[in-house]
Amino acid sequence: DVKVTQSSRYLVKRTGEKVFLECVQDMDHENMFWYRQDPGLGLRLIYFSYDVKMKEKGDIPEGYSVSREKKERFSLILESASTNQTSMYLCASKYGYQPQHFGDGTRLSIL
Amino acid sequence: DAKTTQPPSMDCAEGRAANLPCNHSTISGNEYVYWYRQIHSQGPQYIIHGLKNNETNEMASLIITEDRKSSTLILPHATLRDTAVYYCIGDWTGNQFYFGTGTSLTVIP
């Protein structure tokens, strides 16, 4: 089975901090994704990457950046965290046209 | 990408079949229909996907109408562990999944 691991299940940070969320997959998938999930809004795509060092903006990239230096690892970066970035963050990966596989999420609180 | 419409909530008796509908009237010919579910505090779990033909796996069956404007996910014998939010997604690349708010299924003992 595909395993997508997110580094933290819960994280608390302060406004203005630079925050790193890490995601690792073990199946050599070329495509990786970052979403945020908020009540009543479903999942919204922030960024995705289809290869090492490649990235594409999703629907809500403002305030975020990403890094993909190795195929198995995709990092989401909050450059200067704000309270409206308090959310559940989900990472996913996939191969070709196969379905996406998700991690269990990081619940991030910005105080 | 196809816009999908699902009822916000449904109940199903334990042991009975749960039939979850999805409307995707704008789906194009090369877009697959994917189904996921999400149990509280976990990431979405892939269930099944299909293009034109009905599909079945160990978790569920997917029935797609001939005109492809709608589909139904069937959980043949619902258990309490099937209580979750179920999402229907239409996409052809698999790279731009638009998750709406899904259907909250409650399996009742």
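Lettering of chains follows the sequences in order, A, B, ..., and the numbering in each one begins at 1. Bear in mind the structure is a predicted one, so any value in this text is a computation, not a measurement.
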Side chain to side chain contact (heavy atoms under 4.5 Å, CB included) between B/Q42 and A/L90, intermediate numbers included:
CA-CA 9 Å; B/Q42 296 182 18; A/L90 289 157; over 6 Å; no

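For residues 27-49 of chain A, the pairs satisfying salt bridge (Lys or Arg N to Asp or Glu O under 4.0 Å) are A/D28-A/K71, A/R36-A/D38, A/D38-A/R44, with sequence neighbours left out.
Here the side chains of A/P99 and B/Y36 are in contact, with some heavy-atom distance below 4.5 Å.
Distance alone, capped at 3.5 Å, places no donor-acceptor pair between the B/Y34 side chain and the A/Q100 backbone.
Chain B is approached within less than 4.5 Å, heavy atom to heavy atom, by A/R9 from residues 8-15 of chain A, ordered by number. Residues of residues 44-68 of chain B that come within less than 4.5 angstrom of chain A, heavy atom to heavy atom, are B/P44, B/Y46, B/H49 in numerical order. Residues of residues 101-111 of chain A lying within less than 4.5 angstrom of chain B, judged on heavy atoms, are A/F102, A/G103, A/D104 in numerical order.
By the rule that hydrophobic residues join a cluster once side-chain heavy atoms approach within less than 4.5 Å of another member, A/Y47 and A/L43 end up as members of separate clusters. A continuous path of Ile, Leu, Val, Met, Phe, Trp and Tyr side chains, each step under 4.5 Å between heavy atoms, connects A/I60 with A/M32, placing both in one hydrophobic cluster. Linking ILVMFWY side-chain heavy atoms closer than 4.5 Å, directly or via other members, places B/Y87 and A/Y35 in a single hydrophobic cluster. In this structure, A/I77 is not a member of the same hydrophobic cluster as A/Y89, with clusters built from ILVMFWY side-chain heavy atoms closer than 4.5 Å. The hydrophobic clustering, which links ILVMFWY residues whose side-chain heavy atoms are closer than 4.5 Å, places B/M10 and B/V107 together.
Contacts of A/Q37 with chain B are made by side-chain atoms alone, with heavy-atom separations under 4.5 Å and no backbone atom involved.
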